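Please read all numbers here as calculations on a predicted model, not as lab measurements.
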Amino acid sequence: MVLGIWLTHLIHKKKLSFFNRLPEWDTYINLPFHTIKISSFLLVVFLVNILILSLFIFQQDISDIQSMLFFGLLFSIINATLEEFLWRGILLSSLTRYVSVLYGMIITSIGFGLMHLVIDMPLLLCIIFSFGGFFYAVLVLKTKSIYPAVLIHFMINIGMVLSGWIV
């Protein structure tokens, strides 16, 4: 998939973009009923995720959490970085050049969700991950940076590992 995109860019003599610049933290995101600064939006997202995932994490035995901490950190860093680099960095940035932005967001979001079928996640959870992929795509396009999506993806992954959802 990545090779095909790279060849397409090479043939059309276009530079491959990865959204690999720092976000402009003081810019605003226009939501349907509210406008909010990106830094404030990310803070709210972090707090909501911590609240939701902590409910599951605290159901685990403390020794299980301690034994999973190193694996969770390593897995979450690698997984979040690679998935965001592939789905939003390479694929979304490339598709939005050749098709509409909405179409690129939909295709990469569905692909991101369905990719989790390979690791035996239930279809319903994969569909939920597709909505997460759409959220990441919006975040990347609004901030013009992949880093906020990597951070949120990391936080969700570490929460899922420590809660026992990913072993």
Side-chain angles (χ1 to χ4, degrees), residues 1-32 35-50 52-53 72-119 121 123-161 165-166:
M1 190 166 35
V2 174
L3 179 62
I5 288 174
W6 178 74
L7 288 173
T8 302
H9 279 75
L10 191 65
I11 290 168
H12 293 284
K13 297 179 180 158
K14 293 194 176 196
K15 187 178 174 185
L16 196 57
S17 168
F18 303 107
F19 295 108
N20 60 340
R21 61 181 230 189
L22 292 176
E24 298 169 5
W25 298 108
D26 290 334
T27 58
Y28 288 84
I29 294 178
N30 294 317
L31 302 172
T35 300
I36 187 169
K37 194 185 296 188
I38 288 173
S39 57
S40 301
F41 175 74
L42 290 176
L43 180 62
V44 169
V45 170
F46 278 126
L47 293 175
V48 168
N49 280 311
I50 287 170
I52 292 170
L53 291 171
L73 288 171
L74 189 62
F75 168 80
S76 298
I77 289 169
I78 292 170
N79 180 269
T81 303
L82 291 178
E83 283 187 353
E84 291 307 317
F85 180 75
L86 173 66
W87 290 102
R88 263 59 70 184
I90 295 173
L91 295 175
L92 181 64
S93 68
S94 298
L95 280 174
T96 55
R97 285 185 177 179
Y98 298 106
V99 298
S100 72
V101 172
L102 181 61
Y103 183 75
M105 291 170 63
I106 291 170
I107 293 300
T108 57
S109 300
I110 292 171
F112 172 75
L114 293 180
M115 172 198 61
H116 292 88
L117 285 172
V118 175
I119 56 173
M121 293 242 171
L123 181 60
L124 181 60
L125 191 57
C126 292
I127 292 169
I128 292 169
F129 285 173
S130 291
F131 285 107
F134 195 82
F135 168 77
Y136 294 141
V138 169
L139 188 60
V140 167
L141 291 172
K142 291 288 187 178
T143 62
K144 298 179 179 67
S145 174
I146 198 167
Y147 299 117
V150 170
L151 287 172
I152 292 172
H153 197 145
F154 165 80
M155 190 183 72
I156 291 171
N157 281 354
I158 192 78
M160 290 179 75
V161 169
W165 286 4
I166 298 175

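Other residues, nucleotides and ligands contribute at most 12 non-hydrogen atoms within 6.0 Å of the CZ atom of F131. Annotation for Y28: atom OH does not count as buried by contact number, only 12 or fewer foreign heavy atoms lying within 6.0 Å.
Within the model, atoms CD1 of I158 and CD1 of I77 stand 8.0 Å from one another, a figure rounded to the nearest 0.5 Å. With rounding to the nearest 0.5 angstrom, the CD1 atom of I128 is 12.0 Å from the NE2 atom of H116. Here S130 contributes atom OG and I106 contributes atom CD1; the two are 11.0 Å apart, rounded to the nearest 0.5 Å. Interatomic distance, L53 CG to I50 CD1, rounded to the nearest 0.5 Å: 9.0 Å. One finds the CD atom of E84 at 9.0 Å from the CG atom of N79 (value rounded to the nearest 0.5 Å). A distance of 8.5 Å separates CD1 in I127 from CG in L117, rounded to the nearest 0.5 Å.
Every residue was checked against the side chain to side chain donor-acceptor pair (under 3.5 Å) condition with S100, not counting sequence neighbours, and none meets it. The side-chain contact (heavy atoms from CB on, under 4.5 Å) search around L43 returns L47, not counting sequence neighbours. For F75, the ring pair (Phe, Tyr, Trp, His ring centres under 6.0 Å) partners are F71, not counting sequence neighbours. Residues meeting the side-chain contact (heavy atoms from CB on, under 4.5 Å) test with M115, sequence neighbours left out: E83, W87, F112. Scored by the side-chain contact (heavy atoms from CB on, under 4.5 Å) test, V118 finds no partners at all (sequence neighbours excluded).
Looking only at distances, no side-chain donor or acceptor of T81 sits under 3.5 Å from a matching main-chain atom of I78. One N or O on the side chain of S93 and one on the backbone of I90 form a donor-acceptor pair closer than 3.5 Å. Looking at T96, its side chain never comes within 3.5 Å of a backbone N or O of V101 through a donor-acceptor pair. Distance alone, capped at 3.5 Å, places no donor-acceptor pair between the S94 side chain and the L91 backbone.
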Please report the C-alpha distance between I110 and F134 in whole Å, then the side-chain angles of each, then the deciding distance to 0.1 Å, and finally whether the side chain to side chain contact (heavy atoms under 4.5 Å, CB included) criterion is met.
CA-CA 8 Å; I110 292 171; F134 195 82; over 6 Å; no

Does the side chain to side chain contact (heavy atoms under 4.5 Å, CB included) test come out yes or no for L141 and R88, once each step is laid out?
CA-CA 9 Å; L141 291 172; R88 263 59 70 184; over 6 Å; no

Quick one: do L123 and L114 satisfy side chain to side chain contact (heavy atoms under 4.5 Å, CB included)? Show the steps, please.
CA-CA 8 Å; L123 181 60; L114 293 180; 4.2 Å; yes

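Put simply, the side chain of L151 does not reach to within 4.5 Å of the side chain of L42, judged on heavy atoms.
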Only pairs under 3.5 Å count here: list side-chain donor-acceptor contacts from residues 142-149, not counting sequence neighbours, and write none if there are none.
residue: T143; atom: OG1; partner: L139; partner atom: O; Å: 2.8
residue: T143; atom: OG1; partner: S145; partner atom: N; Å: 3.3
residue: T143; atom: OG1; partner: S145; partner atom: O; Å: 3.0
residue: S145; atom: OG; partner: R21; partner atom: O; Å: 2.4
residue: S145; atom: OG; partner: Y147; partner atom: N; Å: 3.3

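The two residues A137 and M105 make their nearest non-hydrogen contact at CB-CG, 4.0 Å. Here the closest non-hydrogen pair linking I156 and Y136 is CD1-OH, 3.4 Å.
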